[in-house]
Amino acid sequence: MRVFRKLVCAGVCLRLNKHTGGVRSFSTCPRLQAVMQAWVIDHYGDNSVFRFTKNAAFPSILYPNEVIVQVHAAALNPLDVNMRGGYGAATMAMKRDPLNINKSGSEFPLILGRDVSGVIMECGLDVAYFKPGDQVWAAIPPWKQGSLSEFVVLSANEVSHKPKSLSHTDAVSIPYVAATAWSALVNTASLNKDNCSKKRILILGGSGGVGTFAIQLLKSWGGHVTVTCSQNAEGLVRSLGADDVVDYSSGSVERKLSAKDKFDVVLDNVGGETEKWASALLRPWSGAKYVTLVTPFLRNTDRLGLADGMMQNFVTIATKAVKHLRTGVHYRWGFFSPSGSALDDVSEMVDAGKIRPVVEKTFSFSQVPQAMEKVEQGHARGKIVVTVVEAQDE
Ligand SMILES: NC(=O)c1ccc[n+]([C@@H]2O[C@H](COP(=O)([O-])OP(=O)(O)OC[C@H]3O[C@@H](n4cnc5c(N)ncnc54)[C@H](OP(=O)(O)O)[C@@H]3O)[C@@H](O)[C@H]2O)c1
């Protein structure tokens with residue numbers, strides 16, 4: 001099934017009529033409406049920049065491998081708070097599809113929200129893996145319009161059938177953190193279901209979105225998982241399967257962790273001070289890896305532009321990698337990477353009861369600013385979810 005999916009979705013992104021300014025429709029359905037409801041921002045700033053509108057532009061299928069999803073539920077991530085304030089703006093501007101920004105060349109009105117669970121409404125002509133009516137979920141790349149809206153357009157490669165066992169409200173808590181943890185642990189740290197059973201993994205920051213997913217993924221693959229979190233999150237992370245829990249909020253967490261056996265992988269969801277000592281916890285000269293999700297990547301490209309920023313990123317990571325290699329461990333940056341096929345695997349694990357959603361609080365669509373405020377307050381215990389279609393027929 002997945003091989004077939006890759007063949008049909010690996011599709012070519014043709015952009016017809018680009019030079020004439022016209023856009024040819026690749027949709028299989030006639031357009032029924034021209035506008036939709038959405039929470040947009042018209043400039044960067046604090047929470048007051050959110051504006052609710054009933055007249056946001058309805059998304060269009062511009063490439064034959066795209067789908068339009070009716071959003072039933074969305075979820076928020078720390079990235080949304082950062083992007084609301086302008087984080088990544090210069091870099092995303094370079095990644096954004098010229099056909100998807102307005103005539104003035106501006107990204108505004110911008111729609112945030114990186115997780116979607118909903119129903120396929122329209123399919124591009126090359127899409128064979130999905131059909132209208134399919135229940136799907138996806139993690140939306142940050143250079144695309146987000147899910148705090150009634151509809152969103154995505155590449156079919158980014159979309160996956162949602163777990164049958166979950167409602168949209170529960171399912172939506174998973175895609176972005178799953179795609180990030182998968183990218184960091186599988187693609188960067190080279191962990192998988194076949195090699196995890198003898199591995200000791202340390203997750204720094206286990207009680208938030210990425211942490212609560214990563215614990216469950218690694219435990220389902222048989223890894224030994226140690227987690228740092230606040231004392232009051234111990235019950236949560238243990239309920240997800242963490243073998244060993246270290247309270248970072250009292251005493252030296254570095255000293256407590258140093259007293260334990262060495263680790264094969266450290267996933268760092270905290271950053272800052274942790275980077276100074278965490279790689280010393282790894283088993284040297286064994287291929288052990290420190291992977292951090294807290295990187296200066298976007299800040300550098302925002303500040304210096306793409307060319308100089310990438311050069312700065314290359315110098316920074318090369319310097320750190322060489323320094324760590326001298327001590328016998330690998331240093332890596334981990335990144336979110338959209339992947340429908342990774343979500344297919346996660347969907348199966350959810351339906352098999354190996355991974356469960358961790359939803360801290362659900363807000364209605366009218367409460368998006370309050371939901372964002374909650375994320376901004378920090379101290380997450382799983383995810384903040386926004387229900388877009390209230391009466392879900394699931
Ligand atoms: N590179 C990428 O592509 C990428 C993708 C996704 C996320 N990220 C980054 O990864 C980080 C984690 O993301 P997330 O979505 O999991 O964030 P989150 O949901 O906000 O969770 C962060 C968790 O860390 C805990 N925490 C804070 N300080 C800690 C410390 N010193 N030690 C242990 N735990 C601590 C927080 O709870 P308490 O404060 O109550 O302890 C909270 O539960 C964020 O910085 C995010 O920006 C990067």
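Start at 1 and go down the list; that is how both ligands and their atoms are numbered.
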query: Hey, looking at atom 25 (C) of ligand 1, which of S337, G208, S207 has the closest heavy atom?
result: S207
message: If we set the cut-off at 4.0 Å for heavy atoms, which region of A380 has an atom near ligand 1: side chain, backbone, both, or neither?
response: both
message: For V294, which part has a heavy atom under 4.0 Å from ligand 1: side chain, backbone, both, or neither?
response: side chain
task: Determine, using heavy atoms of L204 and all atoms of ligand 1, whether some pair is separated by less than 4.0 Å.
output: no
query: How are the rings of Y331 and H324 set to each other: parallel, tilted or perpendicular (split at 30° and 60°)?
result: tilted
field: Exam field: side chain Q312 to backbone N300, donor-acceptor pair closer than 3.5 Å
entry: no
- line: So for K383 against ligand 1, with non-hydrogen atoms under 4.0 Å, the contacting part is neither
- prompt: For atom 28 (N) of ligand 1, which candidate among W333, Y248, Y87, Y176 provides the closest heavy atom?
  reply: Y248
message: Checking contacts here: is it the side chain or the backbone of V270 that comes within 4.0 Å of ligand 1, counting heavy atoms only? Could be both or neither.
response: side chain
query: Counting each atom of ligand 1 from 1 as listed, which ones have a heavy atom of F336 under 4.0 Å away?
result: 2 (C), 3 (O)
- prompt: side chain to side chain donor-acceptor pair (under 3.5 Å) between Q135 and H168: does it pass, once the steps are laid out?
  reply: CA-CA 9 Å; Q135 307 225 355; H168 290 295; 3.2 Å; yes
- prompt: Would one find more than 12 heavy atoms of other residues, nucleotides or ligands at under 6.0 Å from atom CD of Q231?
  reply: no
message: As an exercise, identify every atom of ligand 1 less than 4.0 angstrom from a heavy atom of N269.
response: 11 (C), 12 (C)
query: Is NZ or CZ of R200 both nearer than 6.0 Å to the six-membered ring centre of F263 and within 45° of the ring axis?
result: yes
query: In terms of residue, atom name and distance, what is the protein heavy atom nearest to atom 39 (O) of ligand 1?
result: H379 ND1, 2.7 Å
- line: Going by the 4.0 angstrom heavy-atom rule, the piece of F297 near ligand 1 is neither
message: Taking the cut-offs as 6.0 angstrom to the six-membered ring centre and 45 degrees off its axis, would you call K162 and W137 a cation-pi pair?
response: no
Residue, atom name and distance, where the atom is the protein heavy atom closest to atom 5 (C) of ligand 1: T180 CG2, 3.3 Å
- prompt: Are Q367 and S364 close enough that a side-chain donor and a side-chain acceptor fall under 3.5 Å?
  reply: yes
query: Any side-chain donor-acceptor pair under 3.5 Å between T53 and N55?
result: no
task: Calculate, to the nearest 0.5 Å, the distance between atoms OG and CG belonging to S190 and L185 respectively.
output: 10.5 Å
message: Can you check which of G205, A139, G209 brings a heavy atom nearest to atom 24 (O) of ligand 1?
response: G205
- request: Hey, can you tell me if Y129 and H161 have their rings parallel, tilted or perpendicular (30° and 60° cut-offs)?
  value: tilted
query: Against heavy atoms of R381, which atoms of ligand 1 measure under 4.0 Å?
result: 37 (O), 38 (P), 40 (O), 43 (O)
statement: Taking only non-hydrogen atoms of G334 and a 4.0 Å limit, the atoms of ligand 1 in range are 1 (N), 2 (C)
query: Tell me: protein heavy atom nearest atom 16 (O) of ligand 1, and distance?
result: V210 N, 2.9 Å
- request: Determine the interplanar angle of the F151 and F58 rings, folded into 0 to 90°, and report it as parallel if under 30°, tilted if 30 to 60°, perpendicular if over 60°.
  value: tilted
task: Tell me which protein heavy atom sits closest to atom 10 (O) of ligand 1, plus the residue, atom name and distance to 0.1 Å.
output: L293 CB, 3.7 Å
task: Could you find the nearest protein heavy atom to atom 20 (O) of ligand 1 and give me its residue, atom name and distance?
output: P78 CG, 3.5 Å
